[in-house]
Structures are given as structure tokens and as C-alpha cells.
*Asks:* 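Here it is, the structure in full.
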Amino acid sequence: MNVTRGFTGRPRVHNPGLPPGQYDAGEDWPVLSAEVTPDLAPADWSFRIDGLVERPHTWDWESAHALPASAYDGDIHCVTGWSKFGVRFGGVSLDAFLAVVRPHVSATHVLASSHTGYTANLPLTDLTGGRAWIVWEYDGKPLPSEHGGPARLVVPHLYFWKSAKWIAGLTLLDHDEPGFWERNGYHERGNPWQEQRYSGD
Ligand SMILES: Nc1nc2c(c(=O)[nH]1)N[C@H]1C(S)=C(S)[C@@H](COP(=O)(O)O)O[C@H]1N2
Ligand SMILES: [Mo]
């Protein structure tokens, strides 16, 4: 039988890569933005890390690309229910950026900010150990602007709202400070495997 894939969807087989309460979005990559997609050229993009660090630093497009390239190949999970398998993001590991600024021992949390004003908070330990990236490529091509291009944060082991699009910077703090969704009832950490969707989960 010749049916359109979009009509039938994928067979609902058990997928061990799917966190509880999530479904496989298949080829779709939904756009979820609280704000209007900004008109941000690579030449206007910058990324700053400040707060509790030894040496606050700002990178531009060129100096960020001079850091060692690193890719993420894997899955992403949105708190609204969709997961997407086998995505490939290219950029630089956050470890490389953090090595330049040298976090102070008192730093425990991070507030990530977008060039649009969107924010998300994360424990610092979720951004280290090769588990977080600043990315500018998707599938080997420039990251589309609606998905956060020219560059976004990607922290794939947490719900995707933590992965701030149009990333502008990280501020290291000695306490947790709720970001945009966290002030609106979402979980401070957001681990999809523990279904930490809402505050108190
Ligand atoms: N600046 C900004 N970053 C953001 C968001 C947003 O609204 N603004 N939405 C978050 C949410 S809820 C998700 S699921 C992902 C969506 O990324 P996508 O639109 O590329 O799928 O971005 C996250 N980062
Ligand atoms: Mo989301």
C-alpha cells in the first residue's frame, strides 16, 4: 500500500531512547519561540561569560570559531512532549569556553541569556564534562535563524527549553536564579528521564 508517511506517522514501537511521557516527532523539528526571531547576523553575534569567573571574556563570531570544533550527535527532548532522534549540531563544547574564563570555586549555577532577553537557569555541572555546546551548524549547514541561528546553546540531556536560542552569554552565580520558563512554573533542572517538567516534579 502506498500511503503518505505524514498521514500514518511512525509505528509506535517501544523506543528505549524515549524519556517517559515523550513521543517521537520523526522528521519534524517544531519551532518553539516565546519571542519574534531576531535579525541577528553572524557579524553582530557575540557570546560573553561573566559573573563568578577569574577572567570574564567576550567572543565574536571569528574568535568563537577559533576554538576546537565539537559536535553533538543524538537526541533532543522538548517539555511539550516531542523528542527528536539523531540530530547533529556542530559548534564548540562549553568546556572550551569555560577553560578560558576559569569558573570560581563558588560558582554553582548559570543564567543563560539570549540576544532577545530570553533566559534559562542551569546548574553549572550540567554545562561541563562534554555535555553542552554553543552550536552554529545543524546537519552540516548553518543553524536556521528560527532554530536559534546564528548560534544557540545546546544542553541535550535536559529538556530543550534550557537550550537558549540566539545565545548571548552565561553569568555564573553562587545561587540559582530562575529564568523565563522557570519563573513561570517550570522545573529548575529539567531532567527528561526524571520527568522534571514543572516546579516540584
Ligand atoms: N531564545 C529562546 N530560546 C529558546 C526558546 C525560546 O522561546 N526563546 N524556547 C525553548 C524551548 S521551549 C525549546 S523546546 C527549544 C526549541 O528549539 P527549536 O525551536 O529550535 O525547536 O528552544 C528553547 N530555547
Ligand atoms: Mo520546549
Side-chain angles (χ1 to χ4, degrees), residues 17-42 44-49 61 64 71-92 94 97 109-123 126-127 131-171 177-199 201:
L18 204 54
Q22 295 291 110
Y23 66 89
D24 181 355
E27 296 305 313
D28 293 342
W29 187 9
V31 171
L32 275 103
S33 302
E35 66 275 56
V36 172
T37 295
D39 188 10
L40 187 62
D44 299 326
W45 178 81
S46 62
F47 176 62
R48 177 173 175 79
I49 307 184
W61 189 250
Y72 170 68
D73 251 306
D75 312 331
I76 54 177
H77 312 287
C78 172
V79 73
T80 60
W82 57 266
S83 290
K84 187 168 171 57
F85 291 94
V87 302
R88 184 177 173 82
F89 287 114
V92 168
L94 257 188
F97 291 97
H109 290 82
V110 169
L111 192 64
S113 318
S114 298
H115 282 278
T116 54
Y118 179 93
T119 54
N121 57 304
L122 304 106
D126 278 313
L127 295 179
R131 294 188 300 163
W133 290 260
I134 300 296
V135 308
W136 37 73
E137 278 179 12
Y138 176 74
D139 260 352
K141 292 189 277 291
L143 181 68
S145 55
E146 67 271 23
H147 288 300
R152 76 179 296 164
L153 177 63
V154 168
V155 191
H157 69 285
L158 300 180
Y159 282 124
F160 212 38
W161 90 77
K162 301 287 183 179
S163 297
K165 305 198 274 189
W166 316 293
I167 187 73
L170 307 177
T171 298
E177 213 164 276
F180 177 79
W181 285 116
E182 296 83 4
R183 283 194 298 271
N184 287 285
Y186 285 83
H187 197 275
E188 58 279 4
R189 177 146 188 258
N191 179 349
W193 298 98
Q194 292 172 10
E195 266 204 286
Q196 295 171 339
R197 296 177 193 272
Y198 309 106
S199 173
D201 281 351

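Note that ligands are numbered from 1 as they come in the structure, with each ligand's atoms numbered from 1 the same way.
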*Asks:* From Trp136 CH2 over to Ile167 CD1, what is the distance, rounded to the nearest 0.5 angstrom?
*Replies:* 12.0 Å

*Asks:* Exactly one of Asp75, Asp28, Ile76 should register a side-chain contact (heavy atoms from CB on, under 4.5 Å) with Lys84. Which one does?
*Replies:* Ile76

*Asks:* In chain order, what residues pass the salt bridge (charged side-chain N to carboxylate O under 4.0 Å, His left out) check against Glu195, with sequence neighbours excluded?
*Replies:* Arg197

*Asks:* Any idea which residues sit under 4.0 Å from ligand 1, heavy-atom distances?
*Replies:* Trp29, Pro30, Val31, Leu32, Ser33, Ala34, Glu35, Cys78, Trp82, Ser114, Thr116, Tyr118, His147, Arg152, Phe160, Trp161, Ser163, Ala164, Lys165, Trp166

*Asks:* Measure up the Tyr138 and Trp29 rings against each other and bin them: parallel (under 30°), tilted (30 to 60°), perpendicular (over 60°).
*Replies:* tilted

*Asks:* Run the side chain to side chain contact (heavy atoms under 4.5 Å, CB included) test against Thr116 and tell me which residues pass, sequence neighbours left out.
*Replies:* Glu35, Pro38, Ser114, Tyr118, Trp166

*Asks:* Just distance, no hydrogens or angles: give the donor-acceptor pairs under 3.5 Å from side chains in residues 181-190, sequence neighbours left out.
*Replies:*
unit_1: Glu182; atom_1: OE1; unit_2: Gly179; atom_2: N; d: 3.1
unit_1: Glu182; atom_1: OE2; unit_2: Trp161; atom_2: NE1; d: 2.7
unit_1: Glu182; atom_1: OE2; unit_2: Lys162; atom_2: NZ; d: 2.7
unit_1: Arg183; atom_1: NH1; unit_2: Pro178; atom_2: O; d: 3.1
unit_1: Asn184; atom_1: ND2; unit_2: Phe180; atom_2: O; d: 2.7
unit_1: His187; atom_1: ND1; unit_2: Arg189; atom_2: N; d: 2.9
unit_1: His187; atom_1: ND1; unit_2: Gly190; atom_2: N; d: 3.1
unit_1: His187; atom_1: NE2; unit_2: Asp201; atom_2: O; d: 3.4
unit_1: Arg189; atom_1: NE; unit_2: Asp126; atom_2: OD1; d: 3.4
unit_1: Arg189; atom_1: NE; unit_2: Asp126; atom_2: OD2; d: 2.7
unit_1: Arg189; atom_1: NH2; unit_2: Asp126; atom_2: OD1; d: 2.9

